[in-house]
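Since the structure comes first, as structure tokens, the remarks are kept for the end.
The chains referred to below are lettered A, B, ... by the order of the sequence lines, with proteins before strands, and numbering in each begins at 1.
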2 protein chains.
Amino acid sequence: MALEHAILVSLAERSASGYDLARRFDASIGHFWKASHQQIYKVLGRMESDGWVESQVVPQDGRPDKKVYVITDGGRAELVLFTSKATPPEHLRSEFAVKLRALPFGDAAAIVDDVRVRRRSHEQQLAYYADSAARFYPHPDDIPDHALGGWLVLRGGMLAEQAGIAWCDEILQRLAGDEDDER
Amino acid sequence: MALEHAILVSLAERSASGYDLARRFDASIGHFWKASHQQIYKVLGRMESDGWVESQVVPQDGRPDKKVYVITDGGRAELVLFTSKATPPEHLRSEFAVKLRALPFGDAAAIVDDVRVRRRSHEQQLAYYADSAARFYPHPDDIPDHALGGWLVLRGGMLAEQAGIAWCDEILQRLAGDEDDER
DNA sequence: TACGGCATGTAAATTGTTACATGATTGA
DNA sequence: TCAATCATGTAACAATTTACATGCCGTA
């Protein structure tokens with residue numbers, strides 16, 4: 001049940017409406033924890049009745065009203081509690097791995113195509129992270145404490161994408177004889 | 001809905017009871033797709049009514065009867081279909097990343113402890129994979145086609161664990177000044 | 001006038017987790 | 001006798017995804 005905590009972190013950084021949160025989840029935090037707006041609205045409701053957040057309707061002109069959520073002291077306490085407890089071990093969950101394992105029983109050519117697509121999307125994601133890093137953390141050796149978490153998470157994303165690319169390359173070497181040096 | 005396919009792959013490799021499958025999911029395939037026995041029994045029932053598998057009760061002596069599931073032609077066709085369709089892009093889902101992001105609002109010392117624990121479990125998992133690799137694929141340059149999928153999946157696991165370790169090291173360097181060279 | 005962005009939700013279906021339930025055999 | 005392993009499940013709950021629903025504003 002980490003969505004609550006992801007939302008708490010996001011609200012601790014800056015108050016926001018459900019809609020804003022949904023967009024943040026598309027952009028930054030969501031690279032590590034996806035959530036749809038439907039889910040966010042539902043969880044926000046529960047969090048409000050738990051006293052972790054409070055909302056206030058803000059009228060806007062030329063736009064629909066928005067319900068801005070603010071983290072409460074209770075919410076901040078919950079965040080401290082969350083960080084102080086050990087994270088349960090996370091396990092990978094990769095449909096792609098299942099597919100690789102299905103290699104002898106399936107369509108090898110299609111799988112190879114899929115690996116190429118996957119490699120490209122890892123590359124794109126890595127480029128995106130590198131871009132974010134350059135934009136938001138121009139001096140990696142001198143990052144203030146309040147921004148360190150964001151940087152470290154970005155680094156985790158970059159390392160994961162690099163590993164993904166390396167994996168795809170190994171697979172292609174085995175399955176496609178590495179006959180493609182495109183671009 | 002990849003559990004069905006993970007089970008199909010497992011049954012294509014060798015017929016098994018629900019209990020056997022649950023143990024395989026603990027050991028090999030399950031490193032990339034966890035499933036509890038409860039879930040497996042439920043899905044097996046659905047798969048049988050879909051005609052992907054067939055079951056036969058096998059009496060045993062000194063042990064409870066077992067219901068052995070065998071993949072059908074329909075199941076094999078489904079596997080081919082599965083491999084021929086592009087895998088939807090997978091996104092990471094990391095509670096640990098959420099926690100890192102919570103760094104300025106939480107208990108930094110506890111988070112550092114958690115990173116150390118996490119690093120150790122990555123190392124253990126990597127050692128386990130390396131061991132499996134040495135045991136089942138003693139000649140990595142000469143792997144028969146039918147075993148290639150398993151090898152590639154193992155390699156993916158190893159690369160992911162290495163990336164995880166590298167990430168933990170970066171985090172510790174930033175947060176703990178790298179003052180620990182334990183062992 | 002049609003589309004995209006802003007803004008908030010409900011409902012249904014699927015998937016996954018946790019707890020409960022049973023009963024035999026084997027080894028410490 | 002207690003715990004572990006073998007073996008199969010049901011029930012309740014939580015989490016997630018997909019589909020549906022509404023309505024205003026600005027722009028092409």
request  = Anything under 30° is parallel, anything over 60° is perpendicular, the rest tilted; go ahead and classify B:His5 against B:Phe82.
outcome  =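 It falls in the parallel class, under 30°.
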Whole angstrom is fine here: how far is it from [atom1] in [X] over to [atom2] in [N]?
X: A:Ile7; N: D:dT16; atom1: CD1; atom2: P; value: 10 Å
X: A:Leu21; N: C:dT8; atom1: CG; atom2: C1'; value: 13 Å
X: A:Trp33; N: D:dT17; atom1: CH2; atom2: P; value: 10 Å
X: A:Lys34; N: D:dT18; atom1: NZ; atom2: C1'; value: 17 Å
X: B:Leu3; N: C:dT14; atom1: CG; atom2: C1'; value: 12 Å
X: A:Arg23; N: C:dG4; atom1: CZ; atom2: P; value: 17 Å
X: A:Arg24; N: C:dA7; atom1: CZ; atom2: P; value: 13 Å
X: B:Tyr69; N: D:dA7; atom1: OH; atom2: C1'; value: 12 Å

inquiry  = Would you say A:Val98 ends up clustered with A:Val112 if hydrophobic residues are merged whenever their side chains have heavy atoms under 4.5 Å apart, either directly or through other cluster members?
reply    =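 No; tracing contacts between hydrophobic side chains, which count when under 4.5 Å, never links both residues.
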With respect to the phosphate group of [N], does any side-chain polar atom (N or O) of [X] fall under 4.0 Å of OP1 or OP2?
X: A:Arg63; N: D:dG26; value: no
X: A:Tyr19; N: C:dT8; value: no
X: B:Ser36; N: C:dT18; value: no
X: B:Lys67; N: D:dG9; value: yes

ask   = What heavy-atom pair brings A:Val80 and B:Phe105 nearest, and what distance separates the two atoms?
value =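 Shortest heavy-atom separation between A:Val80 and B:Phe105 comes out as CG2-O, 3.4 Å.
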request  = Residues of residues 37-45 of chain A with any non-hydrogen atom less than 4.0 angstrom from an atom of DNA chain D: list those, numerically ordered, please.
outcome  =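 Heavy-atom contacts with DNA chain D come from A:Gln38, A:Gln39, A:Lys42.
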message = For a quick check under 3.5 Å, do B:Asp114 and A:Thr87 share a side-chain donor-acceptor pair by atom type?
response =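 Yes, because at least one side-chain N or O of B:Asp114 sits under 3.5 Å from a partner of the opposite role on A:Thr87.
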[X] side chain, from C-beta outward: closest of [options]:
X: A:Ser17; options: C:dT8, D:dG9, D:dA7; value: C:dT8
X: A:Arg93; options: D:dA7, C:dG16, C:dA7; value: C:dG16
X: A:Arg46; options: D:dA15, C:dG16, D:dT8; value: D:dA15

ask   = Distance under 6.0 Å and angle within 45° of the ring axis: does A:Arg93 meet both against B:Phe32?
value =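 Cation-pi check for A:Arg93 and B:Phe32: fails.
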request  = Any chance you could lay out the ring-ring contact (aromatic ring centres under 6.0 Å, His included) test for A:Phe96 and A:Trp167, step after step, and finish with the verdict?
outcome  = CA-CA 11 Å; A:Phe96 180 68; A:Trp167 191 22; 5.3 Å; yes
request  = Evaluate the ring-ring contact (aromatic ring centres under 6.0 Å, His included) criterion for residues B:His37 and B:Phe25: first the C-alpha distance (whole Å), next the side-chain angles of each, then the deciding distance (0.1 Å), finally the verdict.
outcome  = CA-CA 9 Å; B:His37 68 108; B:Phe25 271 80; over 10 Å; no
